[in-house]
Every structure is written in structure tokens, then in C-alpha cells.
Undergrad: 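Following this message is one structure expressed as C-alpha cells.
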Amino acid sequence: MKGNRSIAVRLIFVITLWSTLIFIAALGYNYYHSRAVLEGELESNARNLALSLANRVETELVSVSRVVEEMSVSLETGNYRDKRQLNNLLSQTLASNPNILGCTAAFEPYAFSRSSYGFASYFYREKGSIAYKELQQTYSNLPYFFWDWYQIPRELGHEEWSEPYFDEGGANQLLTTCSVPFYEKRDGKRRFRGIVTADITLNSLMELISSVRILRTGYAALFSRQGMVLAHPLKNAVMNETFFSLAESRHDTGLRAIGRQMISGKSGFVNCTNFLGEKSWLYYAPIRSTGWSLAVVFPEAELMENVWNLTVVMAFIGFSGIVLLSLTVFLIARSITRPLTTLAATSRTIADGNFDLELPQVKIFDEVGVLTSSFQSMITSLKEYIRNLTETTAAKERIQSELKLAKDIQASLLPRIFPPFPERPEFDIFALMHPAKEVGGDFYDFFFIDDNHLCFLVADVADKGVPAALYMMVAKTLLKSEGQRLGDPGKILFHVNNILAEDNESSMFATVFCGILDTATGEVRFSNAGHNPPMLIRSGEVSFMGSTPGMVLGPIKNAPFATGSIILHPGDSLLLYTDGVTEAIDRQGGFFGENSLLTFVRQVPFSDSRAMVLTVREELLRFSLGVEQSDDITLLCVIYRGLP
Amino acid sequence: MTIETIKQTSALVVAVSGRMDAVTAPEYEKKINELLDSGEVSYVVDFGQLEYISSAGLRALLSTTRRIRDKQGCILLANIVGNVKEVFEMSGFGSIFTVHATVDQALKMLPG
């Protein structure tokens, strides 16, 4: 389960981590990019809005100044010296321009008539009708010549808008006056004659500006040429505070700098803290005719709110996506690891030797599916293999037991009861055969041909194991039957060879030393078919019995076998052996050898044939200690005692 | 046991060294059988480096020789010395095989 968790967790961790990082980077970029785009758009929107508002104000003001300019032109060209004529012009102008609250034509001293020092005719609206006043009478304590509306355009010589003011009639109307100077030509000179004015209420314009709402809390504001607040959400500040006094109260030098830009007729787009204490974007534009400045204010928080909201929504979607992705990854990882876990559990069960398992069905041939399928075929193969192995093992066990039986049979075929002829004191005989494998190709035999002739022989069939054992059976049977029939070693070997050479497809052969002891005389007649020469032990002297070896039995027919003869004296003995003795191997791989055998037999005293054979056998065991016996070992000793 | 073969004009010289016993004799038999199957029929077996030959080795020699002769081929033995020579003399194998003192001598006996 640990592996299962680790793959899934690792996948989820890595994928979630990376997708989160990528997503956050994208989100951040998007936020800042949107912000930048928005700021760009904001500037253009702010500019458009400010310019359109300024334009509307400008239009209103220009329409008034046109009227005033027309009046001034009329006064210059028409020369109006007649009061009735003048009043007619003024009252008609007022009547036909509903946005004008009042209009004045004020003359320089004695400029209207030589009889009157000052003359200013003022028509104004009052309670729905047009009223008339002559200002030289109204402003008796401060003549109208000294009022700003008269003095400033007179000095400047061009149209002039007054700073806005509240009317004194108490209607609490914010007014401004457009004053235009007019001249007369006298003696070829253009001489200043007076000022013509029109008063308009700014209430509707201020309402227009105050009604501007940008987003929820954004607004538009209007400042006079001197920075006086004309329109602003801070109602208390209107006509009470200036841009600079507000900036001062906030200790904001940045705002003052902006204010200076504004009253000098510039336009600009800045980020600042507005008078309401909010971070805002501010666009300001001048109103040319009056020198006022219009500002539109966009609260940053609200602007960025949309970007922020968008970002939050995107973040929500993104993180939901990541959660879904992680879930999907988890499911996929589990779909991979679950069969793997099953496979792991299955392999443990298989390791315990249980092959009858159902693996999960392969539905999709992905890598895991292929693995499962391979695993299934592995189980099938293993099952088959184990079944074969079981069969083989059973077969091997059967063969083993058969070999065991064969070994017993082979052993029982060799004379094993010693002394074999206790009633015959003339000789003493002992033999043993130890096969290298279960069954061997070596054998010995001895039997009486007649009362006085003991035939004894040692043979070695080429190779070892079952083939040798089978051949040995044949050779042994033949040698005994032919031995008893023929009674001469040479003849025995000749005949047996011919029988064996017949149809010898397998190229098997056997070496045989065969001797016949005349128990009465001690004469041994012998013949050798390629066998190791026996050892003759005579009064302490040990020597190899010289014999001309003949051909081994088996390969070719009609091979000649000579019969030799030797006389044994009482006490003499013959030791017959197979090459398993001389070729016994020690740890270093060296042979025991004929000389060692000769020396050993010479040194070791022995009293009877059994002692001699067993002593030699023990020496061989000592020699090849720990080394597996490489060849069958056969020893046969016959001691001639002579007649008692 | 190692077996090296050198192709001569008249025959294939098979040099056998080491021990030729019950364990290694089948190797020799297999090798000769393969050579026979590949069409090689004339052999000179060099026993100069052979340390030991057991009855199983002799049997392998006998059985392969039989197969070679069945195919109208010929096999000459050369350079049989030491222990191996004793075994050959004792077992009478010297009379079954044509044995030469050296490989060159054996090669001369074969038709080019």
C-alpha cells in the first residue's frame, strides 16, 4: 500500500504544484496586464468624459457670450444714444434668451449722454417677469465703475467671465457674469464706451456636473479660475473652499501641484488621493472661456474591483480545475497502482507456491494491462514448469529407486559370502566392488571349474553407470558359462570376445583378467584382455605380474588371447584390481598410481586376503579424502596356501 | 579436455589435450560427430598433449572410429606417449588403430 500511496501522492504533488505555479503566474500576469489595459482605457474614458463635460459647460457659456458679443456689436454699430432704444435692445435680448437672468449695459462717465455722469441699464428677471433697474442709482455708495465685472474687462479690453458668486437677491443662485467691452469711433479713434454683461445661473451646469456618477462613488468636480470649488460632492466646500485650501487641510503637496496645473489651464491624468480620502484616478481638463478646470475622479478601489472580481472568479475556476485535475490524477494513479498492488499480492502468494490464482481481468491493454497479461502467462508457464519438474522429480525418484534396486541386484550377482569355500584350505580369496555410481561396470567372479580348478577374474567394462552395468551382466554371464565350459583362460576370452563383438553397436568393451588356479599344484594359468596386470606378492616382494595383454573384449572378433602360466608357492598371493584403484584421485587431482599401490602393498603386513583388500580400500579412502569417487573400485586377492 | 582442429590438405588434425574420461569423452564424441556431419572424413588425432585416457575415453574413440569408417573415412592416431601409450598397449587398442609417431608422419600416409 505504501507504493500505491507514494506514486499517487508523488503524481498529485508534482502535477498540483506545477499547475498551481503556472496558474498563479498566469493569474498574476493577467491581473497586472488587465490593470494596465484598464488604466489605459480608463485614461481614455476619463479624458472623453472630462472633455465632453467640459464641452457641455463650454457650449452653455459660449452661447451666452455670443449673445453678449452680439449686444456689444449692436451697441458699437447702432450707436444707441437713446435710452428707450437701449432698453429695448436689453429687454428683448433678455426675453429671447431664457438662460440669461439679467443683462446690463453700463457706460463710461458721460459716454451715454452728456447730461448724466454714469448710466447703467440693468434688466433682470424677477418672479417670472422682467424688471428694470438703473445701477448708477443702486450702487450709489460704490459706483459701478469700480466693480470687477466692469473694471476688469475694461482694463483687459476683452471679454471676461467673473468668478462665480451667489446672487444677492437671496434665491441662493450661483451666478456668473459675462462682460464684454464695447467701443465707439470718435475723431477716427476707437474709444472705450462701456461694458455689456449677461448674468447666468450656474445651477443647471453645477447640477449637470454634480449628477455625473462614475461607477458608484466616482464624480465630477468643477473649480474656478482661482481654484474655488464650484461643484463637488463635498457640498460644504462649494463656494467656501478652494482646491488649495482643501489640499492644505490635507497636507497634500501633491494635490497642490495638481491644483496649480489645473488653474493654469492644463489637462492631465494622475493617480492621487482625492478630497474624500480615496485613492483615485483624476483627469482634469480646462474650460477655456472661463479658465475653469473640470475634473473627473475614478475611485481606484471600484475600478480594480472588477479586475479583482475577475481575478477571484478566475482563481476559483482555476483552483477548482486543479482540484479536479488532482482528483483525476489520483484516480488514474490508483487505476495504475491498484492492479500493481494486486499483482504484488499475487506474486507473494505465488512465492508461497499457490498458482491457482485469478488475476484481475485485463480490460485496457496499457502497460499495466500488458504487465498483468505477462504475469498471467508467467504464472501459466511457472505452473507448467512446476508440473514438469514434479513429474521429472517423480521420474527421477522412480529411476533412483530402480537404480537402488539394480544396485542390490548387481551386488547380489557378485559372490559376497566370505570365505566362500571354507572347506578348502588350499587358498584364501576375498574381493569387493564399490561402484562410483549406483551401478557400475566393474565386476569380479570366482568359481570352480572342477574340483581342483578355481577360476577367478576381475573385469572392467568401459565407462560407468547403467550402460556399463548392463554390459557387465552380459560379460559376467558369458565369462562364467564359457569359463565353466572351456576351462582355459585364453579360450574363454577368445570365445567371449567373439560373442560380445557380434553386433556391438554401442562400441562397448570390457577389460578382463582371468586366471585359473590349480589348487593342487599352485599353478595359475591366466589370460589378459587389456586389463591392468595383477600384483604378485611373494615372500615380501611385490611385483607386477608380467603378462602380455591381449585386446579388450568387444571391439573386434577373433582377436587372439594368449594363456600364460605362473606357479604360486604357498604364501604367495595375487592382487587383482581395476583402474579405479590406480586412478583414484586426491584433492589435487593426482592419481593414486601403480607405484603407490606397489609401495603400499609392500609396506603393509597382512595375514589374509580380507585384510589385504580392506587395507588397500582404506588407503584409497584416505588418499581421496573428500573427493567423489570417480570410477568403480574392484579389488580381488587370492592367497595360495598349498595343500595341508 | 580441450579439442583444437587444424585443417590440413589431406586431413583434419584434431589435437586433444587434457583428460579424456567419463566426463569429457562425450565432448570428444560430439565434436567428431559434428565434424562428420559437416562432411569431414579424414582425421589425424594428435594425442601429444593428452594426459590421461580412461576406458570411457577409449570407448568414445572406438565408437567415433566406427562411425568414421562407416562413412568410408579414415582416422589415424599420432603422438601417443606416456600414460596414454601405456593404456593403449595394455588394452590392445594399439592394434585396432593405426598409430603413428608424429602428426606429419600420419599425414604423409594419407592420399593428398
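Residue numbers begin at 1 in each chain, while the letters A, B, ... track the order of the sequences.
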Undergrad: Would you confirm whether the ring centroid of A:Phe456 sits within less than 6.0 angstrom of the ring centroid of A:Tyr444?
TA: no
Undergrad: Verify the ring-centre separation between A:Phe600 and A:Phe623: is it less than 6.0 angstrom?
TA: no
Undergrad: Can you check whether anything in residues 17-45 of chain B gets within less than 4.5 Å of chain A, heavy-atom wise, and list it by number?
TA: B:Arg19, B:Ala22
Undergrad: Taking A:Ser527 for the side chain and A:Ala562 for the main chain, is one N or O donor matched with an acceptor at less than 3.5 Å?
TA: yes
Undergrad: With sequence neighbours excluded, give me every salt bridge (Lys or Arg N to Asp or Glu O under 4.0 Å) pair touching residues 622-633 of chain A.
TA: A:Glu619-A:Arg622
Undergrad: Does any heavy atom of chain A fall under 4.5 Å from the side chain of B:Arg66, the backbone, both, or neither of them?
TA: side chain
Undergrad: Are A:Tyr471 and A:Leu500 packed together at the side-chain level, in the sense that at least one heavy-atom pair is separated by less than 4.5 angstrom?
TA: yes
Undergrad: Kindly state whether the ring of A:Phe591 and the ring of B:Tyr52 have centres lying under 6.0 angstrom apart.
TA: yes
